[in-house]
Amino acid sequence: MTFETSRRTFLQGTGALATTALIVGLTPGGALAKAETTGQHFTPFVKIAADGQVTAIIKHFEMGQGTTTGLTTLIAEELGIDLDDMAYEFAPSDNKLYANLAFGSQGTGGSTAIANSFMQYRQAGAAAREMILAAAATAWKVDAKQLKLDKGRVSDGKKSAPLSDFVAAAVKLEVPEKPPLKEAKDFKWIGNPDTYRLDSSSKINGTAQFAMDIHLDGQMVAVIKRSPRFGGQIVSFDDKEAVKVPGFIRAANLPTKAGVVIFAEHTWAAFQAREALEAEWDFSKAENRGSEEIKKSLLKAVNSKPEFNATPGADIKDTEQRLAEAAQVIERDFYFPYLSHSPMEPLTCTIEPRGDGVVLHDGCQFPAGAHPTLAAVLKLPMEKIQIRTLYAGGSFGRRATPVSDYHAEAAFAFALTDRKKPVKLVWSREDDLMGGYYRPAFAHKVRVGLDKQGNIVAWDHRIAGKSIFKGTRLESALVKDGVDKTSVEGVDDTHYDIPGLYVGLTDHKTQVPVVWWRSVGHSHTAFVMETMIDM
């Protein structure tokens, strides 16, 4: 299996497609298509080389959730190839061609990889199968319906040949618009409990390459000394002790004033130099409250009038009247602290100069965010930037912030150099815990009114926490009438049939950076809802 690919090298590598490879996928409009010798842009999902090697092009990154196996299985199933004989490559960054159909942009998240790609990959595999069979039918002068493709071989019951014999002829054929798909009863790999993960062996024997494994010739390692308080800005730094660390190269302020970049020859030197470097900070606009003060602020918010009504059509006065008339009221406050994602592999990525552009080596969860971020910071056109996606050691949402934070850090660090050497940004575990993005802290206050028979007659639910999406480019899609959907999901759209339900929301203002965490709002709302139902 190989992992380095880009759309440009992908197309160049196919050469004269009429004699080397069959590449089938979907066009941006959703129609099946194959690559032409002119190198036109298309969405390739399956590639068959002249020697018969079948490669699945994986548009979703792999962080341990199994996309490489899942998507490859879909192609193997429809094409008639054993999983042992399949290979896969991560797709290059191309927001138009590899968009997640659930988001409209290239990225992985929300348990959408298989859901949005299931038919895409099956159709691509089925189309390639039909083209191979059509080419074989012509060569053998038989009806294609008499042929089948199984385990990489075409047969008519009397004779058989490897599919590689028909690749050159297949690329000249039109791609079927609606290739027939297998019926579920005929599945060999999909849904088979004995189907194994394709990435297990390489991860066990150490050959799988993660972003942290990247070590390029002449690279510099960059780490960042961040403000000890969120929102603080660097005033000055003193590196007289840092220069004594063997391997230290230099230090420089980030253009954003969010910290100091320390460059070194290797990671240990970078960490040691950062520890030795002294910095002076401006905390005038920083979050200067401690955990207990933030907790008190959130609990105060849910015990006050809500800022927004998250249940349009509901009247808080009606709910309060119902509570006043209830035979019994059960009332509880809840508090959920900030939570770190703490993926097994801390954040890291490498920017490598290549020609008049750059290559980003990263376990990239959202190329749709990382790509334009690098373009903006480095002032490069999009086509001058390639993204080489590698394995990622977990994420839980951390590698996909709306602002592509660590990609921006790496780009700023690279821009501070002469751009002639690769720069590898490395986060330590301490950086991840103290300087990263968090699941927001949230408070809930719930009052449930019961009648004499114990039936619910009113439910007043107040929530307070920082919005994940306000102030980001995704605000227009996920914030309506001031309500961030992810702050209240699981309550305002509860599956329980609750009469007199009112949900109020108050946004918490803080410099602490927040982002989605596995299950997003449900990570706190589910606990509150189920606990209150139990009570």
Side-chain angles (χ1 to χ4, degrees), residues 223-237 253-261 274 277 279-302 304 307-308 335-342 346-347 369 373 376-377 396-413 425 427-443 463-475 478-479 482-484 486-487 505-517 520-521 523-524:
V223 300
I224 297 175
K225 191 177 187 74
R226 298 176 181 83
S227 168
R229 299 183 185 182
F230 292 111
Q233 292 198 317
I234 187 68
V235 175
S236 63
F237 67 85
N253 287 336
L254 279 172
T256 59
K257 302 297 183 182
V260 182
V261 185
R274 178 172 64 176
L277 185 142
E280 180 182 352
W281 303 94
D282 174 9
F283 296 133
S284 61
K285 297 181 180 180
E287 177 55 83
N288 294 306
R289 293 172 293 180
S291 297
E292 285 303 313
E293 293 170 289
I294 290 175
K295 178 180 179 179
K296 289 179 181 178
S297 175
L298 285 167
L299 288 172
K300 180 180 178 181
V302 294
S304 305
E307 189 176 1
F308 305 104
Y335 177 71
F336 300 83
Y338 292 104
L339 292 179
S340 168
H341 300 74
S342 298
L347 298 176
T373 295
V377 174
F396 315 111
R398 179 60 186 92
R399 301 183 194 277
T401 64
V403 295
S404 300
D405 66 298
Y406 73 97
H407 301 111
E409 285 184 346
F412 280 125
L425 175 74
W427 281 51
S428 67
R429 176 61 70 214
E430 292 81 359
D431 290 335
D432 180 63
L433 293 172
M434 298 175 62
Y437 282 61
Y438 303 93
R439 194 286 306 273
F442 270 92
I463 302 173
K466 184 174 181 178
S467 167
I468 290 173
F469 290 102
K470 286 188 177 180
T472 75
R473 59 178 177 265
L474 300 174
E475 179 174 358
L478 291 161
V479 178
V483 177
D484 183 331
T486 63
S487 295
L505 173 67
T506 299
D507 282 341
H508 185 232
K509 308 301 189 293
T510 175
Q511 289 290 341
V512 180
V514 298
V515 75
W516 39 66
W517 192 81
V520 200
S523 66
H524 53 95

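The CZ atom of R439 lies 9.0 Å from the CD1 atom of I468; values are rounded to the nearest 0.5 Å. Distance check: T401 OG1 to Y437 OH gives 5.0 Å after rounding to the nearest 0.5 Å. Here the CG atom belonging to N253 is positioned 5.0 Å from the NZ atom belonging to K257, to the nearest 0.5 angstrom. The distance from the NE2 atom of H524 to the OG atom of S487 is 6.5 Å, given to the nearest 0.5 Å. In this structure, T506 OG1 and K300 NZ are separated by 12.0 Å, a value rounded to the nearest 0.5 Å. How far CD of E409 is from OG of S404: 11.5 Å, rounded to the nearest 0.5 Å.
Counting only distance, with no hydrogens or angles, the side chain of D484 and the backbone of F469 share a donor-acceptor pair below 3.5 Å. Formation of a donor-acceptor pair under 3.5 Å by the K466 side chain with backbone atoms of T510 is found in this model. S340 places no side-chain N or O within donor-acceptor distance of the main-chain N or O of L433, the cut-off being under 3.5 Å. No side-chain donor-acceptor contact under 3.5 Å links D432 to the backbone of R429. Of the possible donor and acceptor atoms, none in the side chain of R398 sits under 3.5 Å from a partner among the backbone N and O of S342. A donor-acceptor pair under 3.5 Å is formed between the side chain of W516 and the backbone N or O of A400.
Scanning all heavy atoms of the two residues, the minimum distance from K470 to S467 falls at N-OG, 3.0 Å.
Between L347 and R399 the shortest side-chain heavy-atom distance falls below 4.5 Å. With a 4.5 Å cut-off on side-chain heavy atoms, S523 and F442 do not count as touching. Annotation: side chain of I234 is in contact with side chain of W281 (closest heavy-atom distance under 4.5 Å). Residues V515 and V403 are not in side-chain contact: their nearest non-hydrogen atoms beyond the backbone lie 4.5 Å or more apart. Proximity of I294 to H508: side-chain heavy atoms (C-beta onward) are separated by under 4.5 Å at one or more points. Side-chain contact between F412 and T256 is present, with heavy atoms from C-beta onward closer than 4.5 Å.
Residues satisfying the salt bridge (Lys or Arg N to Asp or Glu O under 4.0 Å) test with R229, not counting sequence neighbours, are none. Take F230 and apply the ring pair (Phe, Tyr, Trp, His ring centres under 6.0 Å) test, not counting sequence neighbours, and it matches Y438. For K295, the side-chain contact (heavy atoms from CB on, under 4.5 Å) test picks out E292, L299, Y335, with sequence neighbours left out.
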Check step by step if side-chain contact (heavy atoms from CB on, under 4.5 Å) holds for Y338 and S291.
CA-CA 9 Å; Y338 292 104; S291 297; over 6 Å; no
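Atom NZ of K285 is surrounded by 12 or fewer heavy atoms from other residues, nucleotides or ligands within 6.0 Å.
A salt bridge does not link E430 to R274: none of the charged nitrogens lies less than 4.0 Å from a carboxylate oxygen.
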